[in-house]
Number of protein chains: 2
Amino acid sequence: MTVTLADVAARAQVSPATVSRVLNGNYPVAATTRERVLRAVDELDYVLNGPASALAAATSDLVGILVNDIADPFFGIMAGAIQSEIGGPGGRAGGERLAVVCNTGGSPERELTYLTLLQRQRAAAVVLTGGAVEDAPHAAAVAAKLRKLADAGTRVVLCGRPPAPETDAVALTFDNRGGGKELTEHLIGLGHRRLGYIAGPEERTTTRHRLEGHRAALAAAGIEEDPRWTVHGRYDRRAGYEATLELLRRDPTLTAVVAANDSVALGACAALRESGLRIPEDVSVAGFDDLPFSIDAVPSLTTVRLPLAEAGARAGRIAMGREEPPPGGIATVRGELMVRGSSGVPRG
Amino acid sequence: MTVTLADVAARAQVSPATVSRVLNGNYPVAATTRERVLRAVDELDYVLNGPASALAAATSDLVGILVNDIADPFFGIMAGAIQSEIGGPGGRAGGERLAVVCNTGGSPERELTYLTLLQRQRAAAVVLTGGAVEDAPHAAAVAAKLRKLADAGTRVVLCGRPPAPETDAVALTFDNRGGGKELTEHLIGLGHRRLGYIAGPEERTTTRHRLEGHRAALAAAGIEEDPRWTVHGRYDRRAGYEATLELLRRDPTLTAVVAANDSVALGACAALRESGLRIPEDVSVAGFDDLPFSIDAVPSLTTVRLPLAEAGARAGRIAMGREEPPPGGIATVRGELMVRGSSGVPRG
DNA sequence: AGCAACGCAGCAAGCGCTTTCTATACAGTC
DNA sequence: GACTGTATAGAAAGCGCTTGCTGCGTTGCT
């Protein structure tokens, strides 16, 4: 039925071992033999049996990329960059690896299950992207899994995710705290004193870090924060829309709204506009991430640019062992404040 | 080093065969024995060896999803929906399958390579999303691959992609032609007579179909199209921006710009605005797809909504054999015209 | 010319699992 | 009490590939 190595060997009049060596190219094979084998492979339209090969060699060419939300360009951009470095088809690398992205949907259980599935497949490497959930038991479970993966020879790297303690996974962390601080400092510098903050889901590290940065900036400026100024929600436009309405209800005198990310900011803009408020004349808005669409918002969004593609590419190279991990296994990737039209001097 | 089935068997004082049967649950095993085995699995923290299992059983639990651009929500939304139905961790389905998305970047070679890689892994199913490239040799190569995959027992389904002739792959096709026609009819109905069209890459089926719909509408209204009114570019905002500038240069009297998709439309809006033109007073703009951000554009985008998530979910179910394929293996999924603020009556 | 060294190919032993077939044990039946 | 039937567990034969080791023919050296 299906063509096997042995069939190719028979056709090329060599032993299976030789065919295997030609295919893997890590053993000297005479040029003429090689050619004969290659011809046979071609003629028989042979396709290597991945599982068999993985079993015998005790390694596979699978590389997993875990993302929280595949429909979100934040992850898509990172995943694409990682994948392009992993090799995969068309990547810069030589060997053909199957770089696959797994969508956890932000669910801790799915994250764990995917890790198990990848462990089961004896993945060559795993890259986890985006913020982690701040649940101690879950964090411990993930750490344990990562340790086990590493033990089994799987390279683990975290991209845009805080380091995992008790683990020697390489981590490329975004400086969410610093970015958040800078962003709010910018608004304060413009004269804002009453700033609403639309945070992400409570339990995520990213949420907490950005919020901490925001608060640090307020504190540094001697602004006392009103608890009513912070609303939590999901990382999407809808949440931004609703949260903004809520903020406006709580305190109509706010002059700025800082959003957890750009999508949320877009929702905030919509809500403000529908409430008859001009941006930035009446209320300034700021986002985070600088996704491609942010510059097209009207007015264009003041935000913090995260080098998603660069970080992803680097993570990919590290996962492939083509770049040295940063000293200590941890690197912080900084964002860059992008001041655009959505932020301005407050009225009055 | 690593725990194997035999280790578990030894610990549970049963044969490896029994352990395998407990794990696969398709053979009667006494409750007490089962429990003993399960306990051993737990105690040893055993993880099945995927490749070995795939080799022995001649099937794997991998399901591949091919997308053209993982950073584009158009694909992200579909992929997410497919994945959630595939089962994967947390999906509705029972068995745990590893649903993985592969990013072809729109490159025909990568598409082929990924298919080979999936074939090599003996994937259980493969879903190809998005438009295909209209290159005869490549189409033939893909068709051949798909046939081979199907022969090997892999279920193949196309989602948002035209049917593959000479293949019995199930196809859920978007009615790009109909949507394009309806969109342009809407603009014509508003009084537009000079409409620019920013098309996608020339060689893509999606591009051609949408453009055909546009032209059909023009023809039906007796509007003779000026070749200068069509510009081709990539499916991103940048292309939309540049193409719009080009269109304006070629014919400053255009009263409407129809874009290949929403991202392109966003770029078009930016270019128009920078050229001092108001939307829709001076120029109307229309997109396609109705991605989440489209409603947030200012003015919000008139576009054609494609039921991406629904189609993806259906494709996923079909791929898993949990839903009957449509009669004839081909179904057309229609879009819905969303009239919003970016289109209006032309000036004058 | 003689011996070591080398290059290249084959043998064969697994890799860890699934599954067919067989064996055992018990319960039910006449 | 011998016999058949049913339920459950085990033995063993691979699945298709990789790789350490062996073997042989040839080249290089003295």
Side-chain angles (χ1 to χ4, degrees), chain A residues 1-38 40-41 44-62 95-96 117 119-124 152-153, chain B residues 1-38 40-41 44-62 95-96 117 119-124 152-153:
Chain A
M1 178 64 217
T2 44
V3 183
T4 73
L5 234 211
D7 298 332
V8 176
R11 171 134 196 160
Q13 316 216 54
V14 296
S15 73
T18 302
V19 177
S20 172
R21 285 171 183 142
V22 168
L23 261 25
N24 291 300
N26 47 18
Y27 192 88
V29 173
T32 63
T33 314
R34 168 196 316 291
E35 193 163 327
R36 201 142 35 88
V37 169
L38 256 18
V41 165
L44 295 178
D45 215 355
Y46 171 68
V47 175
L48 191 70
N49 183 318
S53 153
L55 172 59
T59 59
S60 97
D61 51 7
L62 244 190
E96 268 168 9
L117 247 22
Q119 178 185 6
R120 175 179 299 183
Q121 299 297 330
R122 305 299 189 252
Chain B
M1 180 61 217
T2 44
V3 183
T4 72
L5 235 212
D7 298 332
V8 176
R11 171 135 199 159
Q13 313 217 56
V14 297
S15 72
T18 303
V19 177
S20 172
R21 296 202 259 249
V22 168
L23 261 24
N24 292 299
N26 46 19
Y27 192 88
V29 172
T32 64
T33 312
R34 169 197 314 294
E35 193 163 326
R36 202 142 34 88
V37 169
L38 257 17
V41 165
L44 294 178
D45 215 355
Y46 171 68
V47 174
L48 191 68
N49 182 319
S53 152
L55 172 59
T59 57
S60 97
D61 52 5
L62 243 191
E96 267 170 6
L117 245 24
Q119 178 185 5
R120 176 178 299 182
Q121 299 297 331
R122 306 298 188 252

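Residue numbering restarts at 1 for every chain, and letters A, B, ... go by the order of the sequence lines.
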Passing candidate, side chain to side chain contact (heavy atoms under 4.5 Å, CB included) with Val29(B), options Glu35(B), Arg21(B), Arg36(B): Arg21(B)

Nearest-Å distance for atom pair CD/P, residues Glu35(B) and dT8(D): 15 Å

Position toward the 5' end of DNA chain D (nearest nucleotide), Leu48(A) or Val29(B): Val29(B)

Thr18(B) side-chain proximity, nearest of dC15(C), dG10(D), dG16(C): dG10(D)

Interface residues of residues 5-15 of chain A with DNA chain C (non-hydrogen, below 4.0 angstrom): Val14(A), Ser15(A)

N/O donor-acceptor pair under 3.5 Å between Ser60(B) side chain and Arg122(B) backbone: yes

Short side-chain N/O contact to dC15(D) OP1/OP2 from Thr4(A), under 4.0 Å: no

Atom pair CG (Leu55(B)) and OG (Ser53(A)), whose distance is rounded to the nearest 0.5 Å: 10.5 Å

Upstream residue (5' side of DNA chain C) when Asn49(B) and Asn26(B) are each assigned their closest nucleotide: Asn49(B)

Nearest-nucleotide pick for Ser53(B), side chain only, options being dG16(C), dA9(C), dT18(C): dT18(C)

Minimum side-chain heavy-atom gap Val14(B)-Arg34(B) below 4.5 Å: no

Gap separating the OG1 atom of Thr18(B) from the CD atom of Gln13(B), nearest 0.5 angstrom: 12.5 Å

Letter per nucleotide, 5' to 3', of nucleotides 20-25 of chain D [B base touched, S only sugar-phosphate touched, - untouched; heavy atoms, 4.0 Å]: BB----

Distance, rounded to the nearest Å, where Leu44(B) contributes CG and dG16(C) contributes C1': 15 Å

Shortest non-hydrogen contact from Leu44(A) toward Val3(A): O-CG2, 3.6 Å

Rounded distance (Å) that lies between atom C1' of dG16(D) and atom CZ of Arg122(B): 9 Å

Side-chain N,O (Asn24(A)) to OP1/OP2 (dT18(D)) below 4.0 Å: yes

Length of the line joining Asp61(B):CG and dT18(C):C1', which is rounded to integer Å: 14 Å

Inter-residue atom distance Asn24(B).CG - Leu48(B).CG, 0.5 Å rounding: 7.0 Å

Between P of dG7(C) and CZ of Arg34(A), the distance in whole Å: 15 Å

Separation between CG of Leu62(A) and CZ of Arg120(A), rounded to the nearest 0.5 Å: 13.0 Å

Test log, rule side-chain contact (heavy atoms from CB on, under 4.5 Å), inputs Leu38(B) and Val22(B): CA-CA 8 Å; Leu38(B) 257 17; Val22(B) 168; 3.5 Å; yes

Earlier contact from the 5' end, DNA chain D, for Thr33(B) and Ala52(B): Thr33(B)

